[in-house]
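Some notes on the structure that comes next.
Atoms within a ligand are numbered from 1 in the order they appear, just like the ligands themselves. Since we're looking at a predicted model, the values are computed, not measured. Note: hydrogens, waters and symmetry copies are ignored here, and every other heavy atom, side chains too, is used.
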Amino acid sequence: MHIVVLPGDGIGPEITAATSGVLRTASERFQLDLRLEEHAVGHASLEQFGATVRPGLLDIVRGADGLILGPTATFDFKDEARGEINPSRYFRKNLDLYANIRPARTYGGGRFGAFDLVVVRENTEGFYADRNMEEGHGELRVTPDVVVSLRRITRTCCERIAHAACRLAMKRQKHLTIVHKANVLKMGDGMFLDICREVARGYPALEVDDVLVDAMMAHAVRNPARFDVIVATNMFGDILSDLTAELSGSLGLGGSLNVGDGHAMAQAAHGSAPDIAGRDVANPASLILSTALLLAWHGERSGEIRYETAARAIEQAVARAIAEGQATPDIGGRLGTIAMGAAVAGMLRSE
Ligand code: ATP
């Protein structure tokens with residue numbers, strides 16, 4: 001399996017190095033024959049090539065079996081004419097990675113009780129003004145003091161994200177929750193809700209309910225165990241999945257996979273965390289777990305079972321490292337980023 005690795009900014013290079021170590025061990029242990037090809041992205045690429053994503057990188061990624069994107073300094077990248085492209089948006093859009101799969105689970109207890117859920121977030125439209133237009137930008141300054149931000153919702157995108165969520169729920173506890181704000185965004189979220197219900201009728205084994213996004217914040221904190229698969233539009237899903245990651249113990253546990261029909265990109269759910277960058281304290285579990293999702297995706301697609309076996313083993317090794325306190329300070333451990341990666345790799349080796 002050929003994987004392109006883009007370390008990114010802030011804590012990106014640290015968590016990517018820890019993740020690559022785990023992958024190399026997994027490759028030896030499960031004969032995955034992984035080839036990791038690293039390229040610069042973000043600030044490193046801007047300095048070297050004059051663009052945060054250099055020309056030609058997309059073709060390299062298209063030719064590979066998977067992509068790992070470390071967090072990038074999205075907030076710094078404002079002017080595309082100066083090469084400041086948002087790498088996350090760029091790959092999601094150009095590879096049409098329409099489903100963002102964000103699992104969150106507890107590892108022994110948890111302040112809000114044990115739970116195991118997945119947020120399935122639409123990834124290509126919604127309130128993300130920098131990607132919801134064919135040309136131009138979805139935010140307009142009408143006068144110096146008036147800004148209009150456009151939110152795009154389409155039938156096609158609602159249908160495909162609903163199918164992705166239903167298929168996932170069928171493999172899990174068969175419970176789908178649709179999160180929306182159809183009482184206010186009557187047309188956009190109304191259509192999203194209707195389509196999700198309509199698509200779910202094609203999966204009669206599923207139990208389906210829906211919750212307003214604001215009420216969802218209370219339900220997620222009060223009783224996260226009641227949820228299995230949650231489907232949401234882009235921004236609601238983004239916000240909700242940061243909450244569920246934090247409820248599981250730390251934002252640093254939030255793994256995610258961006259999936260389309262032909263490509264997939266592993267990416268931590270969090271950002272580049274400049275406040276802790278370069279200090280060897282960032283939790284690498286987010287990217288390690290994201291990469292496990294990528295291996296599982298490849299295994300399912302190619303029919304090569306050893307990739308799914310490796311993915312499960314990585315998840316178990318992360319769970320064991322956390323249970324034994326071999327973890328970073330955000331979840332109560334004392335290890336640095338690289339040491340936690342090495343602990344996970346060690347557990348993989350000994351399983
Ligand atoms: P960006 O602008 O790139 O989104 P940010 O700092 O605004 O960066 P996040 O990177 O998502 O947002 O971080 C939010 C908070 O969560 C920060 O205080 C950070 O320290 C913490 N955090 C994020 N990722 C991790 C991690 N892997 N391990 C530990 N703490 C983390």
Side-chain angles (χ1 to χ4, degrees), residues 6-22 41-46 52-53 68-78 84-92 100 102-107 110-111 119 121 123 127-131 234-235 237-258 265-293 314 318-319 321-322 325-344:
L6 308 174
D9 302 304
I11 59 171
E14 299 162 68
I15 63 171
T16 307
T19 301
S20 296
V22 172
V41 77
H43 278 297
S45 175
L46 192 61
T52 52
V53 182
I68 298 174
L69 177 64
T72 55
T74 313
F75 210 70
D76 295 348
F77 307 142
K78 297 188 171 83
E84 296 173 2
I85 299 156
N86 171 357
S88 175
R89 175 200 61 79
Y90 180 86
F91 289 113
R92 286 177 187 177
N100 191 343
R102 294 186 159 185
R105 52 159 286 200
T106 45
Y107 296 89
R111 274 174 294 167
V119 176
R121 163 197 175 194
N123 223 8
F127 247 131
Y128 283 72
D130 62 343
R131 68 204 65 172
N234 201 341
M235 191 170 284
D238 190 19
I239 296 167
L240 176 60
S241 57
D242 266 25
L243 175 72
T244 52
E246 189 63 32
L247 292 178
S248 79
S250 165
L251 200 45
L253 294 174
S256 94
L257 189 70
N258 300 268
M265 171 172 85
Q267 186 184 23
H270 56 73
S272 62
D275 55 330
I276 55 168
R279 289 172 36 203
D280 194 34
V281 293
N283 192 335
S286 53
L287 199 59
I288 295 171
L289 292 168
S290 306
T291 305
L293 293 171
I314 292 173
V318 169
I322 294 170
Q326 301 209 43
T328 43
D330 57 311
I331 46 172
R334 290 188 183 171
L335 296 187
T337 308
I338 297 299
M340 181 170 174
V344 172

Check I11 against ligand 1 and report side chain, backbone, both or neither, counting heavy atoms closer than 4.0 Å.
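Just the side chain.
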Under 4.0 Å from any heavy atom of [X], which atoms of ligand 1 are there?
X    : value
T72  : 3 (O)
A282 : 28 (N)
G271 : 1 (P), 3 (O), 4 (O), 9 (P), 10 (O), 11 (O)

Any protein heavy-atom neighbour for atom 19 (C) of ligand 1 (distance below 4.0 angstrom)?
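It does: a protein heavy atom is found less than 4.0 Å away from atom 19 (C) of ligand 1.
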Answer yes if a protein heavy atom lies under 4.0 Å from atom 4 (O) of ligand 1, otherwise answer no.
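Yes, because at least one protein heavy atom sits under 4.0 Å from atom 4 (O) of ligand 1.
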Distance-only polar pair, side chains of [X] and [Y], donor-acceptor under 3.5 Å:
X    : Y    : answer
S88  : N86  : no
R334 : Q326 : no
H270 : S286 : yes

Tell me, please, which residues at least two apart from S290 pass side chain to side chain donor-acceptor pair (under 3.5 Å).
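None.
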Taking all atoms of both residues into account, what is the closest heavy-atom pair of G271 and I11, and its distance?
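Where G271 meets I11 most closely, the heavy atoms are O-CD1, 4.1 Å.
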Return a yes/no value for H270: is any of its N or O atoms, backbone included, closer than 3.5 angstrom to an N or O of ligand 1?
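The answer is yes, given that H270 and ligand 1 share an N or O pair closer than 3.5 Å.
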Geometry only, no angles: is S272 polar-contacting ligand 1 at N/O separations under 3.5 Å?
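Such a contact does occur with ligand 1.
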Hey, could you give me each pair passing salt bridge (Lys or Arg N to Asp or Glu O under 4.0 Å) that has a residue in residues 237-252? Not counting sequence neighbours.
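Output for this query lists R102-D238, R121-D238.
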Test Y128 against M235 for side-chain contact (heavy atoms from CB on, under 4.5 Å), laying out the working first.
CA-CA 7 Å; Y128 283 72; M235 191 170 284; 3.6 Å; yes
Nearest to [atom], what protein heavy atom do you find, and at what distance?
atom                    : value
atom 22 (N) of ligand 1 : A273 CB, 4.2 Å
atom 17 (C) of ligand 1 : D275 OD2, 3.5 Å
atom 2 (O) of ligand 1  : F75 CB, 4.4 Å
atom 16 (O) of ligand 1 : L251 CD2, 3.5 Å

How long is the gap from CG on D9 to OG on S272, to the nearest 0.5 Å?
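If I round to the nearest 0.5 Å, the distance is 6.0 Å.
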Could you tell me if R105 sits above the aromatic ring of Y107, with its cationic atom closer than 6.0 Å to the ring centre and no more than 45 degrees from the axis?
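Yes, cation above the ring, under 6.0 Å and within 45°.
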Proximity winner for atom 30 (N) of ligand 1, if only heavy atoms of N283, D76, I276 are counted
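Closest candidate by heavy-atom distance is I276.
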Within less than 4.0 angstrom of ligand 1, does P274 place any heavy atom?
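Yes; P274 lies near enough to ligand 1 that a heavy-atom distance drops under 4.0 Å.
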Would you say V281 contacts ligand 1, with heavy atoms under 4.0 Å as the rule?
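The answer is no: ligand 1 sits nowhere under 4.0 Å from a heavy atom of V281.
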Measure the shortest side-chain to side-chain distance between T244 and V119 over non-hydrogen atoms and say whether it is less than 4.5 angstrom.
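Yes; the side chains approach each other to less than 4.5 Å.
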